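Below is one structure; the comments refer to it alone.
Please read these numbers as outputs of a predicted model, since none were measured by experiment. Each chain gets a letter, A, B and so on, in the order its sequence line appears, and its residues count up from 1.
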Amino acid sequence: MSAIDAILQPFFEYAFMRQALLVMALLSLSAAPLGVLLVLKRLSLVGDTLSHAMLPGVAGAFALFGMNVLALSIGAMLMAVLGGLLAGLVARKTALGEDASFAAFYLISLAAGVCLMAAFGNNNDILHFLFGNLLAVPDGYTLWLGGVSAASLLIFAFGARGFLAEAFDPAYVQMHPGYGKFYYVLFLGVFVVNLVVAFFAIGTLLAMAIFLLPAIISRIFHKSWQGMILSSLILALVAGWAGLLLSFYANLPAGPAIVLVLGIFYFMGLLSQIRSVFKFSA
Amino acid sequence: MLYYNIRVTKIIPLREVAATPVAISVTNLHWHYDRRCVLHGLSFDLPRGSMVAVLGANGAGKTTLLRLLAGNLRPMQGEITLAPDLCANVAYLPQHSMIERQFPITTAEIVSMGMPRIPRRDRASKIHTALEQMDLLPQANFPISELSAGQLKRALLARIMVQGAGLLCLDEPFAEVDEKTVHTILRGLQQSQAAGKTVIVSLHNAALAEKYFDHALCLSQGSAEFGPIKKIIPLFTAGAV
């Protein structure tokens, strides 16, 4: 088998591989700009907390309605919003600060979600919700994901300047009559919806990786936000394709394999900067 | 003339003020941090279209007053009333902006953020004018990581200038800025004043205040003295306020 065959054949031969590649491509389209904004706004930990806060909601919905995609989505969305609001409130109203408050909510949510799943499901269900099931997404999921991605891209295209202004100088934007809190709320809304959609494919533990890792890697190289978004998109697409191949040939779970490829890109990016590290220490 | 409360929408009854139209009227304004009283019963009227220097030693309450005037803080006691057309039409530049120097945008993009509702085709000329006023045209397409502290300060000022606000509140915009840049900024502010805007700037330099400003507000130990610049500067330099 030639190298070209090895990298193309699984996608020609197996429908589930083609579907997984399409899911990754659609996810990457909206995850790229959202991830760049999350990194620029320094909201990586907040995003991670929202992602983990989904788990008790998913587990609760699973206990009540079984594997119903709509119920699971609503449960995930409600808990992500509630977890984010509560963690934000604690951060503002107590001496804990954002870092400690969000870390506490993130850990408690994860533990609560796993316990709920253990009580009402089995080990397979727990693994499914934690790491997703990219190779066997629910019926109609791709269509739903396509709609969410297209709507998110449209919102981003029309509101890019506002989102960027809000990420750059939130204090100024909140006082400016032309912005207010509109872009902050809109951004969080779009992000939560995308996070819920990503959860079905990648799981609550790793969903954030698709948003954050490509953006973090492109942050190393780019001095323009446009460059960051474009390279994030390319990185996510390449990692999706390479990760699926890794999963296929090494018999690994698809979501973690994709994140692992992104991890390799990340370390390659860091290595490319090694000269500046030595310059700094000299 | 009718005046609106700065935060609340209720209309405060008609009140006669000086012959000059008033931009902001402050009555019995109080503010304290825990036990430290910063502003104690301040009352003054700022004339519309004036350029007002807010003078005072460190800790005199300049930043607190500017934040109150800009609507960034609510008065603990007393009232701040703005002319109706200035409500929701205030631009504020804090002394220390929480801005990340490595943020991947250019100088021109910062300025463009000042006018979110202006169509793209009209933005370019406004950005050009503001950058020209702030002597930043050669740096228009520089990433902000390549700007000096003074250039970044001017870019943030240019963003405020294109905003079209009727009232500009600038908190010590000359910190970390060289002398040439200070004069560039002040000339830019004078152009805004000529366009009918009311400009309020906190600073420490009496000579600069005397050269560029027409009114001054001198803060000391919770009280304030407001008036034409020629009257206030001698009080400030003598430490009489």
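- Remark: A/Lys41 NZ is packed, more than 12 non-hydrogen atoms of other residues, nucleotides or ligands lying under 6.0 Å away.
- B/Glu100 approaches A/Leu40 most closely through the heavy-atom pair OE1-O, 4.4 Å.
- With a 4.5 angstrom heavy-atom cutoff, B/Pro116 touches chain A via backbone and side-chain atoms both.
- The shortest side-chain heavy-atom distance between A/Phe168 and B/Ile144 falls under the 4.5 Å cut-off.
- For the pair B/Met113 and A/His176, the minimum side-chain heavy-atom distance is 4.5 Å or more.
- Enclosure of atom OH in B/Tyr33 by more than 12 non-hydrogen atoms of other residues, nucleotides or ligands within 6.0 angstrom is indicated.
- Looking only at heavy-atom pairs under 4.5 Å with chain A, the residue among B/Gly114, B/Ser145, B/Pro143 that has the most is B/Gly114.
- More than 12 heavy-atom neighbours from other residues, nucleotides or ligands sit within 6.0 angstrom of CZ on B/Phe44.
- Both the backbone and the side chain of B/Ser112 come within contact range of chain A, judged by heavy atoms closer than 4.5 Å.
- When atom types are taken as modelled, the side chain of A/Tyr172 and the backbone of B/Leu156 share no donor-acceptor pair closer than 3.5 angstrom.
- Heavy-atom neighbours of A/Arg42 CZ from other residues, nucleotides or ligands within 6.0 Å: at or below the threshold of 12.
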Before giving the answer on salt bridge (Lys or Arg N to Asp or Glu O under 4.0 Å), spell out for A/Lys223 and B/Glu109 the whole-Å C-alpha distance, their side-chain angles and the decisive distance to 0.1 Å. CA-CA 13 Å; A/Lys223 283 190 174 176; B/Glu109 282 172 335; over 6 Å; no

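- Residue contact with chain B, scored on non-hydrogen atoms closer than 4.5 Å, involves the side chain of A/Gln226 exclusively.
- Using a 4.5 Å cut-off between heavy atoms, B/Gln102 touches chain A through backbone and side chain atoms alike.
- Heavy-atom minimum distance, B/Ile118 versus A/Arg161: O-NH2, 4.0 Å.
- Not one N or O on the side chain of A/His222 forms a donor-acceptor pair closer than 3.5 Å with the backbone of B/Pro104.
- Counting non-hydrogen atoms of other residues, nucleotides and ligands closer than 6.0 Å to CZ of B/Phe103 gives a total above 12.
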